[in-house]
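Ligands are counted one by one from 1 in listed order, and the atoms in each one are counted from 1 as well.
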Amino acid sequence: MDASLQKRFAPLDYGIFSLLLAASLAIGLYHALAGGRQRTTQEFLMADRSMSCLPVSLSLIASFQSAVAIIGVPGEVYAHGTQYWFLGCSYFLGLLIPAHIFIPVLYRLRITSAYQYLELRFSRAVRICGTVTFIFQTVVYMGLCVYTPAFALNAVTGFEIWGAVLAIGLVCMIYTTIGGLKAVIWTDVFQTAVMFAGQLAVIVVGVQKTGGVMEVGRKVWEGNRIAGIDLNPDPTERHTFWTLGVGGVFLMLSLYGSNQSQVQRYLSAKSEREAVRSVYMVFPALQLSLALSCVMGLVMFARYCGEESPPLASSNRDAMVMYFVMDMLEGLPGLPGLFVACLFSAALSSISSSFNSLATVTMEDLIKPRFPAMTEARATLLSKGLAVFYGLLCLAMAFLTHLMGDSVLQVALKIFGMVGGPVLGLFCLGMFFPWANSTGALAGLGSALALVCWVGVGSIVTRVSGAKPLPPSCRAANTTFNLQGALWNITVSRPSGLQRFYSLSYMWYSAFSCLTVVFVGLFISFLSGPLKEEDVTPGTVYPCLGKLLCFLPERLKKKLCCVTPLGHSKGAAADLIQTDPDLKYL
Ligand SMILES: O=C(O)CCCC[C@@H]1SC[C@@H]2NC(=O)N[C@@H]21
Ligand code: NA
C-alpha cells in the first residue's frame with residue numbers, strides 16, 4: 001500500500017492498546033490466585049458451575065463476535081447493502097430453541113462436554129466423531145480470528161502481522177492457561193464492553209465527518225444500500241430473507257445449541273434458570289452488535305461513495321474497512337488505539353473461548369475415558385498443557401487463513417455451515433427422533449460432511465463468486481447510473497447442473513447439512529433396526545414430537561416417540577452416571 005495512504009498511531013494509541021492487553025492479563029492472574037486457584041478441572045474447565053447470567057451472557061456474545069464480524073460485516077454492507085441485516089430475524093428462533101430445548105436436555109445431564117450427550121444417546125463412536133469435528137471447526141475458526149485483526153492492521157498501518165498474531169496468541173494463552181474458564185468469562189465481559197465502545201466511536205465520528213445523520217441517510221438511500229425484504233426463493237441467491245432468516249436459524253443453532261464453546265457457558269451457570277436467562281440476555285446484545293456493524297458499513301459507504309475511486313476499493317474489502325476506521329479516527333489521539341483494542345478484544349474473547357473449550361473436550365472426550373485413573377492434579381495440569389498446545393496450533397492456522405481468499409466473514413460462515421451444521425444434525429437426530437440409532441447417526445454425519453464439503457470446496461474451486469457488489473457510486477439521479485444500474489442487473493447466465501449445485505448460497509450450508517444428517521440418519525436407523533423407547537437413555541430425548549403429535553391416540557404416540565418427560569434437575573442420566581461406575585467418564 002503506498003505510503004500516502006499509510007496511517008500512523010500516536011503514542012496514546014499504543015498506550016490504550018497495551019492497557020487492554022494488561023487488563024486481560026490482570027483478570028487472568030486474579031483468577032489464578034483467587035478462588036480455588038484453578039486446582040481442579042471442575043474449576044479450570046467449568047468455573048465450578050457457579051456463574052450468574054450476566055457474565056455468562058456477555059461471554060456467549062463475545063465467543064462468536066470476533067474481528068471477523070467487526071470488519072467483515074461493514075465490508076459486506078458497503079458492497080452489497082443491508083440485506084445481511086435480515087440475519088437478525090434468525091436470532092429469535094436461533095436463541096429460543098437453545099434456551100428451551102438444548103439447555104434443558106444438556107443441563108440436566110450434568111455433563112462437562114456437549115459431546116458426552118452423543119455417547120449417552122448413541123455410542124462412544126458418535127461422541128468421538130462429534131468431538132473431532134468440533135475440534136477441526138474450532139481450530140480453523142481460531143486461525144481466522146487471530147489472522148483477521150493482524151492482517152487488517154498490517155494493511156493499513158504497516159503494523160507487523162506476526163507481531164500482532166504473537167501478541168494476541170501469547171496474551172490469550174497466558175490468561176486462559178492460568179485463569180481457566182472464570183478468567184475467560186470475565187475477560188470476555190471486559191472485552192465485549194471494549195468492542196461496543198470501539199464500534200460506537202467509529203460510527204459517531206464517521207457520521208459527524210460525513211455531514212451528519214441526514215446526509216448519510218440521503219447518500220445510502222440514493223446509493224440504494226438500504227435493502228428491502230428479498231423473498232426470492234432461489235437457493236443459489238446469496239443473501240435473501242430466506243437464506244438469512246431461515247438458513248440463519250440453523251447457523252445460530254449450530255453455534256448456540258450444539259457448539260461446545262457455548263454449551264460450556266450454559267453448563268457453567270449456577271442453575272438451569274440462570275443459563276436460560278443468559279440466553280435471553282444475549283438476544284438484545286446480538287441485535288445491537290449486528291446493528292452497529294451494519295451502520296458502520298453504511299457510514300463507510302456514505303463517506304466514500306462520492307469519490308471516483310475509493311481508497312483500497314480494488315484490494316481486499318476487509319482492508320478497506322480498516323482504512324476507513326483509521327481515516328475517521330486519525331487525528332483524534334486515543335481513538336485509533338481504542339478501535340485497535342476493540343479488534344483485539346474481539347479476537348481475544350473468541351480465541352480464549354475456543355482454547356478453553358478445545359482443552360475441555362480433549363480432556364473429557366478423548367483423554368479421561370482412556371486414562372480413568374488419572375489424578376485430579378495431573379488432569380488439571382494436562383488441561384493447561386492442552387491450552388498451550390492449541391494456542392500454538394492456532395498460530396499455525398493463522399498462516400493458512402490468508403490462503404482462503406474470500407472476505408473473512410464469508411469464510412467463517414462457510415466453515416460454520418460445513419462443519420457446525422453436521423454436528424447440529426447429530427444433536428437434532430438424537431433429541432427429536434428416539435428411534436434413531438448410532439449406525440444411522442454415523443451414516444448421517446458421514447454423508448452430510450461429504451456432501452456439504454463437496455459443495456463448499458466446489459464453490460471455492462470454481463470461484464462461484466457471490467453476488468456482484470452494487471455500483472459504488474451514490475449519485476442515483478444521473479441516467480448513466482441508471483443505465484449502469486441496469487447493466488449491473490443483467491442476469492448472469494443461469495448456472496446449470498453441478499455449477500448450480502456449487503452456487504448454493506453458503507447461508508444454506510448449516511440447514512442443508514443438518515437436514516442431511518437427520519434424513520440419512522433416520523433412513524439408516526430404520527434399515528438397521530430402529531431403537532425402542534426403553535433402549536434410549538432417559539433424559540436424552542426431548543419429547544417435542546409427543547407434544548406436536550398430541551392429537552394422536554396414546555398408543556400410537558407411545559410407539560412413535562418417547563413421551564416420557566425430561567428428567568428433573570437431578571437428571572435420570574445423571575443418576576445413571578452416579579450408579580454405573582464405567583459410565584463415570586461419559
Ligand atoms: O464474528 C465471528 O467471529 C464469526 C462471524 C459471526 C458468527 C455468527 S453470525 C450470527 C451470530 N451473531 C454473531 O454475532 N456471531 C454469530
Ligand atoms: Na470475540
Side-chain angles (χ1 to χ4, degrees), residues 20 24 57-76 84-95 98 137-138 140-149 152 168 172 176 184-185 187-196 198-199 239 243-257 259 261-262 265 279 282-294 318 321 341-357 394 401 406-417 419-421 424 506-507 509-510:
L20 158 83
S24 301
S57 67
L58 288 175
S59 179
L60 285 169
I61 296 149
S63 296
F64 288 112
Q65 176 73 19
S66 74
V68 170
I70 291 184
I71 287 183
V73 176
E76 160 68 30
Y84 181 82
W85 206 330
F86 282 103
L87 184 68
C89 303
S90 70
Y91 291 175
F92 293 92
L93 280 179
L95 291 169
Q137 171 186 344
T138 308
V140 174
Y141 174 58
M142 276 198 309
L144 200 56
C145 288
V146 169
Y147 184 74
T148 304
I168 299 177
C172 190
T176 306
V184 170
I185 287 181
T187 47
D188 284 355
V189 170
F190 164 68
Q191 288 156 356
T192 303
V194 174
M195 275 153 61
F196 282 134
Q199 286 179 288
H239 282 170
T243 63
L244 293 161
V246 178
V249 170
F250 286 87
L251 168 70
M252 287 295 287
L253 291 182
S254 73
L255 296 175
Y256 285 83
N259 185 291
S261 290
Q262 304 301 59
R265 274 148 187 71
V279 173
V282 161
F283 179 78
L286 266 196
Q287 292 291 0
L288 175 64
S289 66
L290 180 62
L292 284 178
S293 39
C294 289
D318 300 330
V321 172
C342 156
L343 275 193
F344 275 51
S345 295
L348 285 171
S349 53
S350 293
I351 298 155
S352 56
S353 301
S354 300
F355 276 175
N356 188 274
S357 49
C394 150
T401 302
D406 269 346
S407 99
V408 286
L409 179 66
Q410 195 136 310
V411 173
L413 296 179
K414 272 190 179 180
I415 291 165
F416 289 153
V419 191
L424 170 66
Y506 68 94
M507 283 306 296
Y509 287 7
S510 301

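- Between F64 and F416, the ring centre distance stays below 6.0 Å.
- Residue S353 does not count as close to the Na ion (ligand 2), with no N, O or S atom under 3.0 Å.
- Residue-level proximity to ligand 1 for I70 is absent, since no heavy atom of it falls below 4.0 angstrom.
- Close approach of ligand 1 to A69 is summarised as follows: ligand atoms under 4.0 Å from at least one heavy atom of the residue are 1 (O).
- Near V68, with a cut-off below 4.0 Å to any heavy atom, the atoms of ligand 1 are 1 (O), 2 (C), 3 (O).
- With a cut-off of 3.0 Å, the Na ion (ligand 2) has no N, O or S atom of A347 in range.
- Residue contacts with ligand 1: S66 is placed with a nitrogen or oxygen under 3.5 Å of a nitrogen or oxygen of the ligand (distance criterion only).
- At a threshold of 3.0 Å, the Na ion (ligand 2) has a backbone or side-chain N, O or S atom of A62 nearer than that distance.
- For atom 3 (O) of ligand 1, the closest non-hydrogen atom on the protein side is Y141 OH, 2.5 Å.
- The O atom of Q65 and the OG atom of S349 subtend an angle of 130° at the Na ion (ligand 2), given to the nearest 10 degrees.
- At the top of the distance list for atom 14 (O) of ligand 1, counting protein heavy atoms only, stands Q65 OE1, 2.5 Å.
- Checking S350 against the Na ion (ligand 2), an N/O/S atom falls under the 3.0 Å cut-off.
- Only the side chain of L286 comes within 4.0 Å of ligand 1, counting heavy atoms alone; its backbone N, CA, C and O stay farther away.
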